[in-house]
Amino acid sequence: MCGIVGYLGKKEALPLVIDGLKYLEYRGYDSAGVAVHSGKKIEIVKAVGKINDLEQKLEQASGKGTCAIGHTRWATHGKPCLKNSHPHQNTDGNIVLVHNGIIENYGGLKIKLEEEGVVFKSETDTEVLVQLIGRYYDGDLAKAVIAALREVTGTYAIAVLAKDRPNEIVIAKKSAPLCIGIGKGENFFGSDAIAFIKHTNKVVYLKDGEVAVLTPKTVLIKNLQGKKVSYKVNNLSLDPSSIEKGEYPHFMLKEIYEQPRAIQDTLDGRISPQNDEVILTELDKYQEYLLGINKILIVACGTSWHAGLVAEYILEKHARIPVEVDYAAEFRYRFPVLDEKTLVLTISQSGETADTIAAIGEAQALGAKVLSIVNVPASTIARDSDMVIYTYAGREIGVASTKAFTTQLIVLSLFAVYLGRLHHSLDDAAASAILQNLKRVPNEIAKVFNEAKNIKKIAKAFHKHSNALYLGRGVGFPIALEGALKLKEISYIHAEGYPAAEMKHGPIALIDENMPTVVLAFKGRRYEKILGNIMEVKARKGKLIVIASESNDGIKRIADWVIHIPDASESISAILAVVPLQLLAYYIAVEKGCSVDQPRNLAKSVTVE
Ligand code: M6R
């Protein structure tokens with residue numbers, strides 16, 4: 001999604017803004033641009049492609065100044081091209097704006113403005129907003145921004161410059177992330193604090209409907225009625241080195257290898273010394289509520305939705321409470337049946353996914369309480385939810401989610417035991433067995449890395465295929481979905497995940513000697529059944545890549561390729577099995593020369609509907 005950065009202070013602004021934009025590259029973008037205020041005029045430079053392309057163009061530009069804004073664009077309205085990239089300016093050229101979000105009523109506003117004689121230069125919804133602000137501007141930029149925002153519907157994080165106000169930037173937000181970094185004699189802002197964390201850790205998270213007037217030394221926040229509002233300055237602890245690739249060629253590989261550490265951090269302090277209780281102090285206040293629930297509705301998107309599907313199996317098994325899992329975008333627009341006895345559980349790495357945020361509002365309006373599992377501290381989802389359990393994966397930069405997913409599975413497993421104990425559906429011995437197994441996961445994942453060489457060879461053999469099937473049963477089914485998603489998003493190979501038993505109801509027609517099938521066949525009560533599915537693929541000459549438990553040596557006689565994971569219980573095997581699937585997708589994408597960390601068309605966090 002689009003990224004916004006800005007600086008105003010005493011330093012040369014453009015290098016800081018460009019550096020900030022580089023930190024936002026992970027969000028996904030197709031063009032980039034900056035505007036710098038030189039005191040007398042505003043110079044705009046834009047480029048289609050990467051920040052490097054923008055930097056090359058800047059070498060030819062003359063603009064210098066201590067106040068600048070920058071933007072990375074992920075196209076929604078209008079194709080990726082120079083005229084549609086940001087910053088945009090109004091016809092008079094005195095107002096310049098960058099925007100993340102969608103102005104939903106732009107069509108009607110555009111017609112109205114055209115009737116008044118405005119000639120539009122781009123195909124974007126954003127240009128309507130800059131023209132509108134220009135219409136209202138009479139020397140008071142915040143007033144003009146507020147007047148324009150009161151006319152628009154939709155979502156926005158914006159930053160606005162006026163030609164005759166060289167030391168001022170006005171920013172505003174609604175349903176798109178935006179935060180301010182307060183420095184000494186200088187202020188920053190960004191879609192993500194990562195953009196300026198090297199310079200200050202004093203962060204103000206702008207709330208929906210707030211407009212901030214920034215100068216180098218001051219921050220004034222108003223609401224859309226023009227009234228001053230107070231704000232809280234947070235001391236953010238984000239280690240800038242956690243956002244570097246280090247020795248790894250890609251963030252995705254680094255993040256795959258960080259999983260033992262991320263899982264350990266997520267488990268630390270959450271299991272009692274006797275291994276029989278889960279400690280989630282963040283839920284203490286809500287114990288009575290959680291004791292009274294009779295339904296859990298899990299809502300999420302993408303990989304986080306897959307984590308929700310895994311949770312359906314383990315929550316129903318351990319807590320004996322009915323669970324439903326829904327895509328956030330579907331949930332928010334249907335008429336869900338829920339009440340104050342329903343726990344709505346949302347899962348999100350970024351905490352900024354637009355549909356999940358909206359789903360929280362819907363659920364709360366219907367009387368449910370919302371518990372969210374989130375990776376990014378103080379993100380919108382964390383702030384909007386009644387209860388939050390954090391995963392401690394650390395920053396995830398690669399677009400393909402890896403360590404966030406496995407840490408979500410860990411938190412969900414802990415939560416299943418916690419609820420099972422609370423609802424008396426899990427006895428001491430059963431809880432203790434699950435918790436001791438969970439504690440072994442970091443070490444067991446480290447052992448899976450021994451398979452990396454083998455997986456690289458498989459990637460070499462399979463990277464030229466254009467389709468793949470992923471099959472699993474039970475908790476293996478959502479893992480199959482996740483493996484298929486990883487492959488398609490970074491290698492652009494079409495892949496589908498299925499519950500293995502469903503194969504006979506259609507997908508089996510696809511199987512021939514050109515169709516690779518990845519089967520999750522770890523030990524458990526469904527093993528014999530999945531072996532049957534493997535034989536069905538083999539009988540039709542399909543190519544078989546099987547993820548099997550270490551002690552299953554015999555599978556080598558059947559499968560073309562075997563990837564072993566340590567022997568473990570079914571639900572732990574599911575966590576271990578996702579790691580080779582992440583590596584398989586990664587090495588196939590590398591073989592194909594794909595842009596692993598920033599796959600085409602994708603954004604790390606989907607902040608628009
Ligand atoms: O930040 P979230 O967990 O809410 O994001 C949800 C999805 O957008 C995300 O998982 C997406 O599917 C990833 N690209 C998957 O790798």
Side-chain angles (χ1 to χ4, degrees), residues 1 26-29 74 175-177 191-192 194 250-253 255-256 259 262 298-311 325-332 344-360 370 372-385 388-391 393-409 411-412 470 478-479 481-493 495 497 578-579 581-586 589 594-609:
M1 296 291 107
Y26 75 90
R27 295 170 67 84
Y29 68 106
W74 187 86
S175 302
S191 301
D192 182 330
I194 214 169
H250 297 102
F251 279 110
M252 181 178 177
L253 191 63
E255 287 158 6
I256 290 173
Q259 289 178 106
I298 302 180
V299 180
C301 304
T303 286
S304 297
W305 181 76
H306 295 157
L309 290 181
V310 174
V325 189
D326 209 349
Y327 287 113
E330 292 304 313
F331 167 82
R332 64 182 284 197
V344 171
L345 173 57
T346 84
I347 308 169
S348 175
Q349 185 288 128
S350 61
E352 298 297 346
T353 301
D355 283 319
T356 310
I357 294 171
I360 292 173
V370 177
S372 292
I373 295 174
V374 183
N375 192 43
V376 177
S379 50
T380 307
I381 291 179
R383 281 179 277 133
D384 288 359
S385 305
V388 183
I389 310 177
Y390 282 111
T391 48
R395 267 288 157 161
E396 193 179 66
I397 307 277
V399 163
S401 189
T402 53
K403 59 178 181 170
F405 180 66
T406 44
T407 53
Q408 285 166 352
L409 297 185
V411 166
L412 289 162
Y470 284 65
I479 301 299
L481 290 177
E482 176 59 9
L485 177 65
K486 289 293 87 103
L487 187 70
K488 59 190 149 194
E489 66 181 335
I490 61 166
S491 77
Y492 318 141
I493 293 174
V578 77
V579 178
L581 299 185
Q582 296 166 346
L583 285 169
L584 184 63
Y586 172 77
C594 297
S595 167
V596 172
D597 286 330
Q598 290 156 32
R600 70 180 180 211
N601 305 338
L602 281 176
K604 178 66 184 159
S605 142
V606 181
T607 55
V608 293
E609 261 195 73

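Atoms within a ligand are numbered from 1 in the order they appear, just like the ligands themselves.
- The protein heavy-atom contact nearest to atom 8 (O) of ligand 1 is Val606 CG2, 4.1 Å.
- Leu602 is not listed as a side-chain neighbour of Ile490, based on a closest heavy-atom distance of 4.5 Å or more.
- In this structure, the protein non-hydrogen atom closest to atom 6 (C) of ligand 1 is Cys301 O, 3.3 Å.
- Counted by atom type alone, Thr406 and Gln259 present one or more donor-acceptor pairs between their side chains at under 3.5 Å.
- Summary of contacts: the protein heavy atom closest to atom 1 (O) of ligand 1 is Ser350 OG, 2.6 Å.
- With ligand atoms numbered from 1 in the order given, ligand 1 contributes 13 (C), 14 (N), 15 (C), 16 (O) to contacts under 4.0 Å with heavy atoms of Glu489.
- Side chains of Lys486 and Thr303: a donor-acceptor N/O pair is present below 3.5 angstrom, by distance only.
- Atom CZ of Phe251 and atom OG1 of Thr402 lie 12.0 Å apart (nearest 0.5 Å).
- Residues Gly351 and Ile357 come closest through the heavy atom pair O-CD1, 4.2 Å.
- Between the Glu352 side chain and the Val606 main chain, no donor and acceptor come within less than 3.5 Å of each other.
- Under 4.0 Å is where a charged nitrogen must lie from a carboxylate oxygen, and between Asp597 and Lys604 no such pair does.
- Checked against a 3.5 angstrom limit, the closest N/O atoms of Lys604 and ligand 1 fall outside it.
- Near Ser304, meaning under 4.0 Å from any of its heavy atoms, are these atoms of ligand 1: 2 (P), 3 (O), 10 (O).
- In this structure, a donor-acceptor pair under 3.5 Å is present between the side chains of Ser372 and Thr346.
- Within ligand 1, the atoms closer than 4.0 Å to a non-hydrogen atom of Ala400 are 16 (O), numbered from 1 in the order shown.
- Of all the atoms in ligand 1, the ones that sit under 4.0 Å from a non-hydrogen atom of Ser401 are 15 (C), 16 (O).
- For the pair Ser605 and ligand 1, no heavy-atom separation below 4.0 Å is found.
- Among protein heavy atoms, atom 15 (C) of ligand 1 sits closest to Thr303 OG1, 3.0 Å.
- For atom 4 (O) of ligand 1, the closest non-hydrogen atom on the protein side is Thr353 OG1, 2.4 Å.
- Contact analysis puts Lys486 in contact with ligand 1, with a non-hydrogen atom separation below 4.0 angstrom.
- Residues satisfying the ring pair (Phe, Tyr, Trp, His ring centres under 6.0 Å) test with Tyr327, not counting sequence neighbours, are Trp305.
- Taking a cut-off of under 4.0 Å to the non-hydrogen atoms of Val399, the atoms of ligand 1 that pass are 13 (C), 14 (N), 16 (O).
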